[in-house]
Amino acid sequence: MGRELFLETPPGFSFRHTVYSHGWSELLPFRLDAETWRLTYVFRAKSKPVSAVVTSSGNGLKIDVAGGRFDEERLIRDVRHILRLDEPLEEFYELTNLDERLRWVAPSNAGRLLRSPTVFEDMVKTLCTTNCSWSLTRIMTTNLVEKLGTRAVGGGSAFPTAEALASVDEKFYREEIKAGYRSPYFVELSEAVASGRLDPEAWLTTDIPTPELKKEIKSLKGFGDYAADNLLKLLGRYDGLALDSWLRSQFYKKHNRERTCADKKIERHYKKFGSWRGLAIWCDMTERWFDEKLFD
DNA sequence: GCGTCCAGGTCTACC
DNA sequence: GGTAGACCTGGACGC
């Protein structure tokens, strides 16, 4: 039997801008119905994962949990975390308000990037975005969830645990997940986390300066500049631009008359946003996404 | 149907 | 520190 929970949101929170902030809502165990703006996610629970649907409702969020036994406090914590309800963006908005082309960001309450309940899940998904088309990213994450995730109450499967990911070998990743040359990276990462040698969740609260943290992330196989910067953004550190081919091509179109240029020029363009430059470029490059949708 | 290119890059070897 | 070449896969594209 299902249960309905309600979670109050802070002023200046946009559900639609958050769930549609980047491609994560298209990757299992997220599912987004952009017509009805229903965000489904399979949450880890006490015995068996549970599927829940999150929708915007008045001054908060309605969470319809499919059923099963679950820790309400933990589920609420996960929802707060994935939607970044506790992330202060005032300083960022002060900067975007000073920029003519980014003045839309603050009134829209944009800038919250959807993330997974665990840093580990975001790491695996980030690996799935490297050097491939978005369609292949979706194939790999779908395979991971459907072939290694635990079935949930209410349908779907949870994102697999580090232990589950560490229980299969490189051959499985190549043949079943279609991860190709990335396969040993998944094995190394999941074994490190499952054994306790690596604790990425601690990065959410660590005081380590960002350059040092980036160095630590880059010491992992498969995490280069883009992947490390992307993960740092999801951790709430926006110093790096996380330039990939898509972001570069968008910049060329919008700010460089469709001509390629060196990364240094892109970095100069966003320098004025200081430690928020990674979020500034992302908002700038995705502005048209929100023109195409009906927003609250 | 087939070959080529490239996509939400990174690693290694070499200079 | 900078760079060339290799690397899985799937989809788009040209022929």
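Each chain gets a letter, A, B and so on, in the order its sequence line appears, and its residues count up from 1.
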Self-check item: Spacing of CG belonging to A:Leu39 relative to CH2 belonging to A:Trp24, to within rounding of 0.5 Å
Solution: 14.5 Å
Quiz prompt | Lys/Arg-Asp/Glu bridge criterion (N-O < 4.0 Å) met for A:Asp99, A:Lys272 | solution = yes
Self-check item: Mate of B:dG8 where both pairing distances stay under 3.5 Å, Watson-Crick or G-U
Solution: none
Quiz item: What string of B, S and - do you get for nucleotides 8-15 of chain B, 5' to 3', when a contact is any protein heavy atom under 4.0 Å?
Solution: BBSSS---
Quiz item: Expressed in angstrom and rounded to an integer, what is the separation of A:Arg182 atom CZ from C:dC7 atom P?
Solution: 14 Å
Practice problem: Using the P atom on both, measure B:dA13 against C:dC8 and round to a whole Å. | Solution: 15 Å
Quiz prompt | Separation of C:dA12 P from A:Leu136 CG (nearest whole Å) | solution = 13 Å
Quiz item: Between A:Asp229 and A:Lys214, is the closest basic N to carboxylate O distance under 4.0 Å?
Solution: yes
Exercise. Determine the sole option in A:Tyr270, A:Trp246, A:Trp276, A:Phe273 for which the ring-ring contact (aromatic ring centres under 6.0 Å, His included) test with A:Trp282 is passed.
Key: A:Trp246
Quiz item: Just how far, in rounded Å, is P of C:dC8 from CD of A:Glu176?
Solution: 17 Å
Practice problem: Report yes if some heavy atom in the side chain of A:Tyr173 is under 4.5 Å from a heavy atom in the side chain of A:Leu165; otherwise report no. | Solution: yes
Quiz item: Should the pair A:Arg138-A:Glu26 be classified as a salt bridge under the 4.0 Å nitrogen-to-oxygen rule?
Solution: yes
Self-check item: Distance, rounded to the nearest Å, where A:Leu127 contributes CG and C:dC7 contributes C1'
Solution: 15 Å
Quiz prompt | Pairwise P distance, C:dG5 and B:dG8 [rounded to whole Å] | solution = 24 Å
Exercise. Find the distance A:Lys178:NZ to C:dC7:C1' and express it as a whole number of Å.
Key: 16 Å
Quiz item: Across all strands shown, which nucleotide pairs with B:dA13 by Watson-Crick or G-U wobble geometry, both distances under 3.5 Å?
Solution: C:dT3
